[in-house]
Amino acid sequence: MLLKEKTVIITGTSRGIGRAMLEAFSANGANVIAHARTRSEELESVMASLQSTYGNLISPVYFELTDYPAMKAFVKDLVARKVTVDALVNNAGITHNALFQMTGEEELRRQFEVNFFSLFLFTQQISRLMTRRQAGSIINIASTAGSDGNPGKAAYGATKAAVICLTKSIAAELGGSHVRANAIAPGITETRMLASMPELAVLEAKQAADLRRGGKPSEVADVAVFLASELASYITGQVIRVDGGLK
Amino acid sequence: MLLQDKTAVVTGCLQGIGRATLDLFAAHGANVFACCQIASDEFSSHCSELAKQHGVQIIPLYFDLLDDAAVKQGAVAIQKTGLPLDVLVNVAGMNKDALFHMVTMEQLRLTFQINVFSQIAFTQYITRIMLRHKQGSVINIASIAGMDGNPGQLAYAASKAAVIAVTKTMAAELGPLGIRVNAVAPGVIATAMTAAVPGEALARLRARSKLLRVGEPVEVAKVCLYLASDRASFITGQVIRVDGGMG
């Protein structure tokens, strides 16, 4: 129970790594404000089941992260209710597979809007709640594609590289207020996002990893729990690769 | 209790990061082979206290890293107990400051003997035991000096850079066999090794960390604890900086 009585906001909890985050954070005792784009019965029943298993509080919130008025309203409501936010996990994101010369301008802009601009603006607002209290941990889900540059991932990789750089700037500016900021760079993780990639490339990537396999979403979620917790009290401004040893 | 029923081998247990790691591992349910250089009543009674307090086995072992035969004997003694090994934390190391033009070959060789060569030998023995069960986690304590370089620490920095390269190579070779290998790169930590740093220099170092403070040994131990545990199951071949954001 690494996060007993802590309150954590997690974006993108519908599926994949975000869903695994919801489970891992609940299992570690955290109260979760679980964001997803749209309401679903499946998600709500999972939340009910987790609360009954772990005795924590999960409050769902539904809005498009690129709907900036909705984002502002959500934060305004948090402030009005005097909610304490101990950690923020910026997990929501989209991918796009296209060779560099085939990447459309519209898709390029959309990647940046969802993966970077909305993350930037959301974190600006939530981090104010943290600096006011002089405490907090921000965890941004980037990708190994953001450091390595991968074929077919020019746009996506660039958005994640931006997230990584932003993370370090945030860490530099807010460290004095006892707010830590770190990024996680998942490698090959078994999610719907992975299923959209060419099979052969995925197989080759798995073989290139020291552990010779892809990762489970729970294995990325566990690292987020670690970074949100007191175990990581002297870690800030870092990018933790969770990639089974991908070169 | 992140290491319930696990058995760990930790070197450099007398003080600083090694001592903090020993204490934290015991508190999290691990049996520990606590290695240090020189036998003492203080140390052996500390080990008995820990064992009693946490209901685990703490077995002190004494050997000098400069003595190849003694290192081997230490490993043999561990192997003879028949306990399956889950974790190895290589903490033992030395530093002696000297500016580049003042570094002697003798100091350079001594630093590499203790920080690199004997660590490699000991790890060879211990991982052979781990390979019987095709699972394990090795954590090597490197240093940010090994990544960034540091005036006055040429020998130390070079030896820690070697530790990092050894870590990644071991991760690549042992990954397919179920053993994860990572390094932790501490920044400026309040230990005997940094106790001699003059006030003004220390203040400048503190200011370079984003958290505006030096770290405590337990803050490095916490990261070792995490990497040792199954919660880090997809992290291998990595160097985790625990430096309050110095680089």
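Lettering follows sequence order; numbering is per chain, from 1. Values below: all heavy atoms of this structure, side chains included; hydrogens, waters and symmetry mates excluded.
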What's the spacing between [X] [atom1] and [Y] [atom2] if we round to 0.5 Å?
| X | Y | atom1 | atom2 | answer |
| --- | --- | --- | --- | --- |
| A:M1 | B:M1 | CE | CE | 15.0 Å |
| B:I235 | A:D210 | CD1 | CG | 13.0 Å |
| A:R180 | B:K210 | CZ | NZ | 13.5 Å |
| B:F234 | A:T189 | CZ | OG1 | 6.5 Å |

Among [options], which residue has the highest count of heavy-atom pairs closer than 4.5 Å to chain A?
| options | answer |
| --- | --- |
| B:V223, B:D243, B:L212 | B:D243 |
| B:G244, B:P186, B:G215 | B:G244 |
| B:A232, B:G178, B:G237, B:G245 | B:G245 |

Stepwise side-chain contact (heavy atoms from CB on, under 4.5 Å) test for B:Y226 and A:D222: CA-CA 10 Å; B:Y226 175 69; A:D222 283 339; 4.2 Å; yes

Portion of [X] that has a non-hydrogen atom of chain A nearer than 4.5 angstrom:
| X | answer |
| --- | --- |
| B:A172 | both |
| B:L211 | both |
| B:S209 | side chain |
| B:L177 | neither |
| B:L2 | side chain |
| B:L24 | neither |

For chain B, which residues from residues 228-247 of chain A have at least one heavy atom closer than 4.5 Å to it?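 Those residues of residues 228-247 of chain A which have a heavy atom under 4.5 Å from chain B are A:E230, A:L231, A:S233, A:Y234, A:I235, A:T236, A:Q238, A:I240, A:R241, A:V242, A:D243, A:G244, A:G245.
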
Check each atom of [X] against the heavy atoms of chain B and say whether the ones under 4.5 Å are side chain, backbone, both or neither.
| X | answer |
| --- | --- |
| A:K168 | backbone |
| A:I184 | neither |
| A:R213 | both |

So with a 6.0 Å cut-off around [atom1] of [X], is the heavy-atom count from everything else above 12?
| X | atom1 | answer |
| --- | --- | --- |
| A:F120 | CZ | no |
| A:E5 | CD | no |
| B:Q4 | CD | yes |

Choice from A:A24, A:G214, A:A181 maximising heavy atom contacts with chain B below 4.5 Å: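 So the answer, after comparing A:A24, A:G214, A:A181, is A:G214.
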
